[in-house]
Peer 1: 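Below is a structure I'd like to ask you about.
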Protein chains: 2
Amino acid sequence: MRIGDKWTTKVLVCLRSGPRRFSELKVPLRGITPKVLTETLRALERDGMLTRTVHAEIPPRVEYELTPLGHTLFEPLAAQCAWTRANLPDLLDARDAYERR
Amino acid sequence: MRIGDKWTTKVLVCLRSGPRRFSELKVPLRGITPKVLTETLRALERDGMLTRTVHAEIPPRVEYELTPLGHTLFEPLAAQCAWTRANLPDLLDARDAYERR
DNA sequence: CTGTATCCTCGCCGATACTG
DNA sequence: CAGTATCGGCGAGGATACAG
């Protein structure tokens, strides 16, 4: 999926423990622009990974929340994390050895 | 890692059952150019995921083979496949529903 | 506050030609 | 056979400004 892009996994992590507002996502995702955050969220919404809820208030409040389907993404994500924990040192060693030739 | 790029996972699959030559990779990877295949293989070699063996023959023969470390990549890859098998229909349904609004 | 509208950069990837 | 060299398109992502 779009898991290969730059921001999607970080957005998922930020939403894991519950719904968040647009600006609550922008802060922990240091450096993301509103345009890109919107694109990322829209793509996830389009695929049913999260819901977008607009509250008719002043000032406006929009909350994003993972769907059950969205939560299933943490399964393959956990596998990637496990791989990294187990094998990143070997990868780094290989990279060092390669540089020194 | 570089698993997010266009060709890496396909190269891994092609190498899963044993060593392959440069041209034996080019055929099943329809449409890949030698430049991009070289880049992909070099990146994997650099990270210790495969070995590159040059046989001093005429014509030249170069074989690429996954290392044990390279084989471990199939673990997270399998998790992604499992996710897709289980959840792709839901994703597609969500996408359809989104389009029809 | 929650976006949209423009413009721009940069790097992946492809096409093509050529080399040891 | 197994690449390297060069050029170019294209799209993701960023900077900035503005709107509802």
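Values below: every heavy atom of this structure, side chains too, minus hydrogens, waters and symmetry copies. Everything quoted here is computed from the prediction, not taken from an experiment. Note on naming: letters A, B, ... go to the chains in the order of the sequence lines (proteins, then strands), and numbering restarts at 1 for each one.
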Peer 1: Considering the terminal five base pairs at each end of the helix from C:dC1-D:dG20 to C:dG20-D:dC1, what angle separates the two local helix axes, rounded to 10°?
Peer 2: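 Axis-to-axis angle, ends of the helix: 40°.
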
Peer 1: Which ones in residues 12-23 of chain A lie close to DNA chain C, meaning a heavy atom under 4.0 Å from one of its atoms?
Peer 2: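 A:Arg21, A:Phe22, A:Ser23, in order of number.
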
Peer 1: Could you report the tightest heavy-atom contact between B:Leu69 and A:Leu91, atom names first, then the distance?
Peer 2: CD2-N, 4.0 Å

Peer 1: In whole angstrom, give the distance that lies between atom CG of B:Leu25 and atom C1' of D:dC1.
Peer 2: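 So the two atoms are 13 Å apart, to the nearest Å.
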
Peer 1: Can you find a pair of side-chain heavy atoms, one from B:Leu25 and one from B:Leu15, that are under 4.5 Å apart?
Peer 2: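 They are in contact (side-chain heavy atoms under 4.5 Å apart), so the answer is yes.
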
Peer 1: Do B:Trp7 and B:Val36 make a side-chain contact, defined as non-hydrogen atoms from C-beta onward lying under 4.5 Å apart?
Peer 2: yes

Peer 1: Could you list all the salt bridge (charged side-chain N to carboxylate O under 4.0 Å, His left out) pairs where at least one residue sits in residues 9-28 of chain A, not counting sequence neighbours?
Peer 2: none

Peer 1: Run the side-chain hydrogen bond (donor to acceptor under 3.5 Å, both in side chains) test against B:Thr8 and tell me which residues pass, sequence neighbours left out.
Peer 2: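 side-chain hydrogen bond (donor to acceptor under 3.5 Å, both in side chains) list for B:Thr8, sorted by chain: B:Asp5.
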
Peer 1: Mind checking what makes side-chain hydrogen bond (donor to acceptor under 3.5 Å, both in side chains) contact with B:Thr9, not counting sequence neighbours?
Peer 2: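 Scan of B:Thr9 (side-chain hydrogen bond (donor to acceptor under 3.5 Å, both in side chains), adjacent residues dropped) gives none.
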
Peer 1: Test of understanding: with side-chain contact (heavy atoms from CB on, under 4.5 Å), list the residues that count as partners of A:Arg85, not counting sequence neighbours.
Peer 2: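 So A:Arg85 forms a side-chain contact (heavy atoms from CB on, under 4.5 Å) with A:Cys81, A:Ala82.
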
Peer 1: Does B:Ala79 have any side-chain contact (heavy atoms from CB on, under 4.5 Å) partners at least two apart in sequence or in another chain, and if so, which?
Peer 2: A:Pro76, A:Ala79

Peer 1: Using a heavy-atom cut-off of 4.0 Å to chain B, what are the terminal contacting nucleotides of DNA chain C, in 5' to 3' order?
Peer 2: C:dC13 to C:dG20

Peer 1: Given side chains that start at C-beta, do those of B:Phe22 and B:Thr38 come closer than 4.5 Å, heavy atoms only?
Peer 2: yes

Peer 1: Could you state the atom-to-atom distance from NZ of B:Lys6 to P of D:dC10 in whole Å?
Peer 2: 14 Å

Peer 1: Quick test of your reading: applying salt bridge (charged side-chain N to carboxylate O under 4.0 Å, His left out), list the pairs with at least one residue in residues 38-51 of chain A, sequence neighbours left out, ordered by first then second residue.
Peer 2: A:Lys35-A:Glu39, A:Arg46-B:Glu99, A:Asp47-B:Arg95

Peer 1: Expected output is a numbered-order residue list: members of residues 33-46 of chain B with a heavy atom under 4.0 Å from any atom of DNA chain C. What is it?
Peer 2: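 Close to the strand are B:Thr33, B:Lys35, B:Val36.
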
Peer 1: For A:Thr51, what residues pass the side-chain contact (heavy atoms from CB on, under 4.5 Å) criterion, not counting sequence neighbours?
Peer 2: A:Thr53, A:Glu65, A:Thr67

Peer 1: What's the CG-P distance between A:Asp5 and D:dG11, to the nearest Å?
Peer 2: 16 Å

Peer 1: Which whole-number value in Å describes the distance from A:Ile32 CD1 to D:dG13 C1'?
Peer 2: 10 Å

Peer 1: Just wondering, do B:Cys14 and B:Leu29 contact through their side chains at under 4.5 Å, heavy atoms?
Peer 2: yes

Peer 1: Under the rule for salt bridge (charged side-chain N to carboxylate O under 4.0 Å, His left out), what residues qualify as partners of B:Glu63, not counting sequence neighbours?
Peer 2: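 Salt bridge (charged side-chain N to carboxylate O under 4.0 Å, His left out) check on B:Glu63 returns B:Arg61.
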
